[in-house]
Amino acid sequence: MTYWAELVELYEYKVADAVDGRVPRGGRRSLTELRDALLSAPLEPMLLRRMMECDRQYRNLLKSGSVAPVLSRPASAAVPEWSAPARADSPESQSWEELQRMAWHTRLKASLLELAQLWGREPDRTTLRVLYTVQENAERECRSIGTRLAVPAVGDPLVSLHDPEVVTDITVGFADLLLTEEGRLRVRTALSAAHEEPFARHPDEDVMEARIAAAERERLAPEARASLVAALRAQYPQARDPRERPAIREAARQLQRTLDDLLAAAPSATMAGTPSHSILYAQAPQSALPTPDDGKDQLVIHLNGGQAAQWRGMDLRWQPIGNNWQLQFGPHVALLRTDLPASERSTLIGPARAQIRVFISGAYVLLSVDGRPEEDIGRLASKARAIALLLDDNEHYANLRLARAAAQLMRGGSVDTAALGSSSAEKYASAPSETLVAFARKGVEALMSRIQRSAPSNVATGIRMAAEQLGLTDDRAIGLHQALHIATFTPESLPSPAAMTSVQLPHARQFVSVLLGQDPVTLRSGERALTLRLDYKGELAAVLPGHPAATLHDLLVVRVPGLSLLLVRQGTWLAAAALHDAPPPSDPNEHTLPGTLENKSPGYNLSHTMHAPFDTKN
């Protein structure tokens, strides 16, 4: 603080020289550079007021025209912010498009397998029989086999559509044909042929019918006539019932409509190349992604450009093995082969609840979350509530100090009560909001990891012991343990997202789900209005008047006087909730969760940053 106080005092002397008409010592450029440094410095409130008052005098001097403004950097040193994107015919753009097609093909395969289960419940399995015929005839065309297969009859033993494994193989083969334009054309041709002629008429069908009609006109005894007709039928193969054709044609039309809907979402080749800020370690500067976005479901990496990354809490490392790549995700390792067909160049890696699907195209890899989005974003919502609980500044950030004490106790068996006393809350109150949120999140995740490995009773006992040593109530320890337990094991149930651009957040602390698009979204709670919009880097920025803009990756808690805004995001799914500070309930029978955000003091000032890890004494 002494260092910044001296610089503010130096700035006051330089401005005083300029106001008196003298050239400041060091020149006007040194005054401008000092001003730029102080405007972005973590000043304490008293120094910040002195700085703003002196800066107001300097700005009035500039407006009067007595002193010409001086740029802190020469104009010739400016660096252009734009560079040409990768061309559509470049290897990077081609790998990008192939990875997008492979990811779409995986989603297509999952959709077709779900539909196949529904088609398998049809009485005659008509749609499955059409699907089998189309897939088989398209495959025969690929192998230049001229013989076309007719739609099989109901219960044909050679097809075995009652077997789930057979149906899965047929569906996967059908999806693989749709991966290429050539395969899609063959599928459409085979589907049109099945609709035009589901099965051919028997060449002797008319002759057989004529002979049977003639036999029935013979003057014979009924028994003899029946024997004659049976003998005639035995000479000719049994013809299929022509009443099957309308049902097959209707199934073919329904399959065509389903296919059109599925192919409408297929990525198409464009002349624009790769999008801006889309590839980590990209070759083209315009395509380079500065940092991975934890809120997105996909991440594309140029493997030759780096060796490691962290995304959505995952530590990723990779290395080349010949023409292939080895990818490590925590303790899980996968070999990514680049010589396989496109339909086989994907694999699942990771534990069951946090699996990612990996697609490989040359030196480029696409990571896609393979899970239930409603469960993933529900877990983030539960975690956000726990983080907001730690940001409660009531009783000198009692919840945050208690969480740190519990982490120390469960890790080392002792609590540094001197370092975690009420006086230690001063650094929390003066910390920048983003730093404090990151600090609280690290603490929540550390305790959640401890809860997963320990019995709930042991964790509850540890938090109670930590509260006792800090002089905090047992109710606060119970409330903190409950919030952490819910964040660890119980995803919050969220409503389905809907496309909206203006949302009024309810006072009941419930989450509202929004489907994000290209337009900004405004979240309102009382007199507060927070706007979410894409910035120039393609990241989602949360803008609240009077506060610095913050980037929303997967989770963000915005703390303002009287209110905490909880924002969580998975891809285009945004969930937001408002936690208002409220006075204690007047009804003695009405209870709230101990340690929740109630009876808050006004907001905190922005000052120095906190670099200490969560479980240290700093």
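Reckoned from all heavy atoms, side chains included, excluding hydrogens, waters and symmetry mates.
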> Could you go step by step and tell me if Arg188 and Asp260 meet the salt bridge (charged side-chain N to carboxylate O under 4.0 Å, His left out) rule?
Replying inline: CA-CA 10 Å; Arg188 292 185 184 278; Asp260 291 340; 3.2 Å; yes

No-hydrogen, no-angle side-chain donor-acceptor test under 3.5 Å, [X] and [Y]:
X      : Y      : answer
Gln254 : Arg257 : yes
Arg559 : Ser564 : yes
Ser513 : Trp573 : yes
Arg453 : Ser449 : yes
Ser93  : Ser90  : yes
Gln326 : Gln319 : yes
Asp315 : Gln310 : yes

> So with a 6.0 Å cut-off around CG of Asp261, is the heavy-atom count from everything else above 12?
Replying inline: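 Atom CG in Asp261 is crowded, with more than 12 foreign heavy atoms closer than 6.0 Å.
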
> How far apart are the C-alpha atoms of Glu492 and Arg385, what are their side-chain angles, what is the distance that settles it, and do they pass the salt bridge (charged side-chain N to carboxylate O under 4.0 Å, His left out) test?
Replying inline: CA-CA 10 Å; Glu492 182 145 344; Arg385 290 192 186 276; 2.9 Å; yes

Give a yes or no on whether the backbone of [Y] and the side-chain of [X] come within a donor-acceptor separation of less than 3.5 Å.
X      : Y      : answer
Thr180 : Gly183 : yes
Ser278 : Thr274 : no
Ser95  : Glu92  : no
Gln286 : His277 : no
Arg345 : Ile360 : yes
Thr435 : Ala431 : no
Trp318 : Leu303 : yes
Arg140 : Ile145 : no

> Between CG of Leu484 and CE of Met448, what distance do you get to the nearest 0.5 Å?
Replying inline: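 It comes to 8.0 Å.
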
Determine, for [X] against [Y], whether the closest basic-nitrogen to carboxylate-oxygen distance falls under 4.0 angstrom.
X      : Y      : answer
Asp554 : Arg379 : no
Arg101 : Glu98  : no
Glu344 : Arg337 : no

> Do Leu366 and Trp96 have side-chain heavy atoms sitting under 4.5 Å apart?
Replying inline: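 A side-chain contact is absent here, since even the closest heavy-atom pair is not under 4.5 Å.
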
>> Among residues at least two apart in sequence or on other chains, which ones pass side-chain contact (heavy atoms from CB on, under 4.5 Å) with Thr490?
In response: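 For Thr490, the residues satisfying side-chain contact (heavy atoms from CB on, under 4.5 Å) (neighbours in sequence not counted) are Ile486.
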
> With sequence neighbours left out, what residues match Tyr364 under ring pair (Phe, Tyr, Trp, His ring centres under 6.0 Å)?
Replying inline: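 With sequence neighbours excluded, Tyr364 shows a ring pair (Phe, Tyr, Trp, His ring centres under 6.0 Å) to His302, given in chain and number order.
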
> Does the salt bridge (charged side-chain N to carboxylate O under 4.0 Å, His left out) test come out yes or no for Arg569 and Asp293, once each step is laid out?
Replying inline: CA-CA 11 Å; Arg569 170 191 169 209; Asp293 190 345; 3.2 Å; yes

